[in-house]
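Contents: one structure, followed by commentary.
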Protein chains: 2
Amino acid sequence: MADLAYRQIIQDIKKQILNQEVTNNRLPDERSLSEAYGVSRSTIKRALNVLAQQGIIFKKRGSGTFINPLYLKNHSLFQFDGNNLGMTDNISMAGQKSTIQLLDYQVQPASLEIQQNLFLNEHDFVYRIKRLRFVDDSPIIIETGYIPIKLVPELTPNIVKSSIFNYMDSEDHKRVIKSFMSIQVAPSTPEDQELLSLTATEPVGIMAGTFFLDDGTPFEFSSMRVHYRYLNYNTSIDLAED
Amino acid sequence: MADLAYRQIIQDIKKQILNQEVTNNRLPDERSLSEAYGVSRSTIKRALNVLAQQGIIFKKRGSGTFINPLYLKNHSLFQFDGNNLGMTDNISMAGQKSTIQLLDYQVQPASLEIQQNLFLNEHDFVYRIKRLRFVDDSPIIIETGYIPIKLVPELTPNIVKSSIFNYMDSEDHKRVIKSFMSIQVAPSTPEDQELLSLTATEPVGIMAGTFFLDDGTPFEFSSMRVHYRYLNYNTSIDLAED
DNA sequence: CAGTGGTCTAGACCACACC
DNA sequence: GTGTGGTCTAGACCACTGT
């Protein structure tokens with residue numbers, strides 16, 4: 001797949017780190033790596049920058065490049081940004097089966113909030129799609145999504161019972177590549193309690209935000225109410241610069 | 001502050017976008033920008049990559065570089081990664097005053113979990129610091145932090161009543177630069193309810209994780225129970241690559 | 001085909017850490 | 001001073017989009 005030089009180097013260095021083939025928790029300097037891999041120093045820097053951003057290594061100007069000891073101890077922690085859960089579609093959760101129940105499917109005028117979030121005019125219409133997602137027969141997420149009609153005029157309830165994103169990719173060659181989400185916490189409503197099998201004291205997590213296509217078009221505004229036991233969002237935070 | 005060429009270009013382009021000085025929602029091509037700013041194309045690419053990662057622009061190979069329309073509509077949404085809340089220290093929340101009440105301060109052997117997270121041996125000791133944070137006199141966060149003694153042997157309860165990170169920076173020249181956190185949701189415990197003035201049906205958000213120094217040393221393992229109304233974590237997610 | 005972004009090179013010079 | 005990572009250059013060549 002990734003035949004790009006810098007990606008191969010990323011993979012190779014990652015493997016060496018995991019195999020404990022790196023002595024002193026320290027990588028060779030960039031100029032040596034450049035020679036060893038037979039690429040320019042720029043390419044090495046590109047690879048190391050990715051690894052640094054993933055928190056796997058730390059670079060210190062004047063000193064060298066070091067391995068994050070925690071990565072060795074527990075590198076399963078180092079999968080970030082919603083890979084555990086949180087994607088509207090593509091939830092597959094390691095070996096467990098995921099199903100969808102369609103709760104509601106309508107076409108309606110875009111409210112002011114929706115207009116703003118999807119960059120629509122006041123006369124635009126959107127699909128309002130409400131779905132309940134199960135993983136291994138347990139209800140996990142109540143998801144309400146809004147999609148502009150003009151972007152997918154051919155959508156049907158049937159399509160919506162599985163992954164909309166996959167459908168878009170394979171049929172329309174439109175790919176969802178980015179999203180901006182906020183995460184909040186709230187007590188469960190009676191509807192949450194019924195659909196997600198919660199008691200009154202059990203809460204939900206709320207992930208809401210907008211998904212974008214690769215050309216920058218806002219594609220879907222989505223609000224997900226997540227069973228509290230199944231929301232686990234991992235992230236890395238940089239406390240620095242601009 | 002940032003006299004680096006690529007940072008200046010980032011700021012300048014951002015300003016032009018906000019001032020609507022960019023026609024057609026489209027930036028000039030990289031080679032033109034390179035000439036216009038009097039820098040190499042590589043430097044332009046570096047700047048554009050940062051803007052793209054922030055979601056402000058989208059690049060399409062073969063077509064050009066385009067502005068995310070949502071950024072114009074509501075660029076306040078585009079401040080990410082815990083800037084709203086979530087940092088253990090440095091919570092200053094725009095104009096509101098923040099105070100700290102010290103609930104507990106102990107030295108104890110590191111438990112197995114703490115050993116793992118802070119990369120310690122079984123004979124190492126840690127501070128256990130439990131604090132209640134207020135913003136504008138409202139209790140917001142119950143924070144329990146663990147810090148290896150050997151990293152800051154001189155810590156005192158007095159220091160701990162304000163920002164530990166600031167103290168570390170100014171006194172020991174050790175800077176906290178990165179953290180890996182997980183975000184979860186849970187019903188409130190009786191203790192949560194008392195300290196954060198919650199009812200039984202009101203939940204808390206939990207942010208737990210490890211903070212690292214600039215040399216990669218794990219510095220603090222922290223678990224924060226956050227009043228549900230005050231947890232609002234914004235993030236951007238890339239659905240692509242490696 | 002021309003235009004655009006993506007990858008990569010080979011090297012200069014700077015800033016910082018450590019001896 | 002030596003060694004390290006950081007910034008930046010000038011340019012080659014490739015891959016994709018659109019006319």
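All values below come from the heavy atoms of this structure, side chains included, with hydrogens, waters and symmetry mates left out. Within every chain, numbering begins at 1; the chains are lettered A, B, ... in the order of the sequence lines, protein sequences first and strands thereafter. All figures in this text were calculated on a predicted structure; none of them were measured in a lab.
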Neighbour count >12 (heavy atoms, 6.0 Å) for atom CD, B:Glu35:
no

Atom CG of residue position B:Asn19 - does it have more than 12 heavy atoms of other residues, nucleotides or ligands inside 6.0 Å?
yes

In this structure, CG of A:Leu155 is separated from CG of A:Asn158 (nearest 0.5 Å) by 10.5 Å

Quick one: the dot-bracket string of DNA chain C, using Watson-Crick and G-U wobble pairs with both distances under 3.5 Å, [ ] for crossing pairs and | for bases paired to another strand.
||||||||||||||||||.

Report the residue (B:Arg31 or A:Val39) whose heavy-atom-nearest nucleotide on DNA chain C is the more 5′ of the two.
B:Arg31

By nearest-nucleotide position on DNA chain C, the 5'-leaning member of B:Ser32 and A:Arg46 is B:Ser32

In whole angstrom, give the distance that lies between atom [atom1] of [X] and atom [atom2] of [N].
{"X": "B:Arg61", "N": "C:dG3", "atom1": "CZ", "atom2": "P", "value": "18 Å"}
{"X": "B:Leu48", "N": "C:dG5", "atom1": "CG", "atom2": "C1'", "value": "10 Å"}
{"X": "B:Asp29", "N": "C:dA2", "atom1": "CG", "atom2": "C1'", "value": "12 Å"}

Checking all strands, does A:Lys60 fall into the base, sugar-phosphate, or nothing category for heavy-atom contacts under 4.0 angstrom?
sugar-phosphate

Determine the contact category for B:Ser63: base if any of its heavy atoms lies under 4.0 Å from a base atom, sugar-phosphate if only primed atoms, P, OP1 or OP2 are that close, otherwise nothing.
sugar-phosphate

Can you check whether A:Arg131's main-chain N or O pairs, donor with acceptor, with A:Tyr105's side chain at less than 3.5 Å?
no

Taking any atom closer than 4.0 angstrom to a non-hydrogen atom of chain A, what span of DNA chain D does the protein reach, first nucleotide to last?
D:dG3 to D:dT7

